[in-house]
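Sequential numbering from 1 along the given sequence is applied to the chain's residues. None of these values were measured; they are calculated from a predicted model. Hydrogens, waters and symmetry mates play no part in the numbers below; they use all other heavy atoms, side chains included. Atoms within a ligand are numbered from 1 in the order they appear, just like the ligands themselves.
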Amino acid sequence: MAYTKRFDGRKFDEVREMEAKVGIIKRANGSAMFRTGKTIAIAAVYGPRELFPAFLQDPKKGKLKCLYDLLSFSVTERKRPGPSRRSTEISMVTRDCLEPVLDLTKFAYTGLDVYIYITQADAGTRAAGINAASLALADAGIPMKDLISSIAVGKVSDKIVVDLDKEEEDHKDGATDLPIAMSVRTGKLTLLQMDGNMNQTEIKKALEMGKKACEQIKEVQVKALQAKYGGAGK
Ligand code: CDP
């Protein structure tokens with residue numbers, strides 16, 4: 001059966017209600033919260049600080065490490081605490097999608113640790129985590145060419161949609177999840193994954209919708225930075 005109306009009444013290209021805040025963890029060098037609907041991510045940056053073991057030190061630039069974890073109480077079904085294949089994969093793609101906008105050349109030999117915790121999960125957690133991490137890095141004063149903005153687009157039954165929630169991901173006709181991350185300033189994608197099936201035309205449409213959503217996310221991110229630091233910077 002065709003998916004004519006979204007479960008929560010949103011338009012097909014409409015993101016969930018979003019909220020962001022920076023400076024939520026005072027002891028960290030930088031921190032942020034990003035929420036989309038019922039999905040909440042917090043991120044904290046520690047460093048640049050001395051990197052151990054020393055053989056990992058790079059004399060040319062600082063080393064970025066990201067650690068993503070979906071907390072056990074964030075989901076309704078039991079989830080074993082601690083690392084998993086899923087969290088290892090998300091930590092890696094998060095690092096790879098943030099690194100292109102960072103200038104770590106001033107931080108040779110040091111390490112920069114970004115911790116990302118999902119406190120409430122309703123799909124789209126990697127995107128929310130990336131949005132929070134990007135803000136936390138900016139809050140830590142790390143030189144950045146741009147923020148990274150991220151969203152999951154995809155297909156629910158026969159419709160291309162933006163920002164799927166868990167109910168949509170579990171649609172009985174099937175769903176495809178296509179998380180992206182990008183620098184809105186350059187238009188360059190730094191993350192592109194797909195779990196499911198979509199043809200070329202559908203992917204193109206999903207990417208167009210995703211790019212528009214990322215522009216909206218960037219506005220939310222910039223407002224959060226302005227709320228702490230003032231100014232009209234973009
Ligand atoms: O969260 P994201 O969409 O980036 O990644 P996913 O691996 O596609 O997970 C989709 C959703 O499944 C999560 O956001 C959670 O809502 C849910 N999930 C869960 O309930 N229990 C887990 N152990 C993992 C994910």
**Student:** Report the residues that fulfil salt bridge (charged side-chain N to carboxylate O under 4.0 Å, His left out) with K38, sequence neighbours left out, ordered by chain and then residue number.
**Tutor:**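 Listed in chain order: nothing, the list is empty.
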**Student:** Closer than 4.0 angstrom, basic N to acidic O: yes or no for D146 and K218?
**Tutor:** yes
**Student:** Would you call D8-R16 a salt bridge at under 4.0 Å N-O?
**Tutor:** no
**Student:** In residues 57-65, what donor-acceptor pairs under 3.5 Å come from side-chain atoms, sequence neighbours left out?
**Tutor:**
{"residue": "Q57", "atom": "NE2", "partner": "L51", "partner atom": "O", "Å": "2.8"}
{"residue": "D58", "atom": "OD1", "partner": "K60", "partner atom": "N", "Å": "2.8"}

**Student:** Enumerate, atom names and distances included, each donor-acceptor pair closer than 3.5 Å involving a side-chain atom of residues 23-30, sequence neighbours excluded.
**Tutor:**
{"residue": "K26", "atom": "NZ", "partner": "G23", "partner atom": "O", "Å": "2.8"}
{"residue": "N29", "atom": "OD1", "partner": "G47", "partner atom": "N", "Å": "2.9"}

**Student:** Tabulation required: pairs of a nitrogen or oxygen in ligand 1 and a protein nitrogen or oxygen under 3.5 Å; columns are atom names and distance to 0.1 Å; otherwise 'none'.
**Tutor:**
{"residue": "ligand 1", "atom": "1 (O)", "partner": "R86", "partner atom": "NH2", "Å": "3.2"}
{"residue": "ligand 1", "atom": "1 (O)", "partner": "T125", "partner atom": "N", "Å": "2.9"}
{"residue": "ligand 1", "atom": "1 (O)", "partner": "T125", "partner atom": "OG1", "Å": "2.5"}
{"residue": "ligand 1", "atom": "3 (O)", "partner": "G124", "partner atom": "N", "Å": "3.0"}
{"residue": "ligand 1", "atom": "4 (O)", "partner": "T125", "partner atom": "N", "Å": "3.4"}
{"residue": "ligand 1", "atom": "4 (O)", "partner": "R126", "partner atom": "N", "Å": "3.0"}
{"residue": "ligand 1", "atom": "4 (O)", "partner": "R126", "partner atom": "NE", "Å": "2.9"}
{"residue": "ligand 1", "atom": "5 (O)", "partner": "R86", "partner atom": "NH2", "Å": "3.1"}
{"residue": "ligand 1", "atom": "5 (O)", "partner": "R126", "partner atom": "NH2", "Å": "3.0"}
{"residue": "ligand 1", "atom": "7 (O)", "partner": "R86", "partner atom": "NE", "Å": "2.7"}
{"residue": "ligand 1", "atom": "7 (O)", "partner": "R86", "partner atom": "NH2", "Å": "3.3"}
{"residue": "ligand 1", "atom": "7 (O)", "partner": "R126", "partner atom": "NH2", "Å": "3.3"}
{"residue": "ligand 1", "atom": "9 (O)", "partner": "R86", "partner atom": "NH2", "Å": "3.4"}
{"residue": "ligand 1", "atom": "14 (O)", "partner": "A123", "partner atom": "N", "Å": "3.0"}
{"residue": "ligand 1", "atom": "16 (O)", "partner": "A123", "partner atom": "N", "Å": "3.2"}

**Student:** Any idea how H171 and F7 line up, ring-wise: parallel (<30°), tilted (30 to 60°), or perpendicular (>60°)?
**Tutor:** parallel
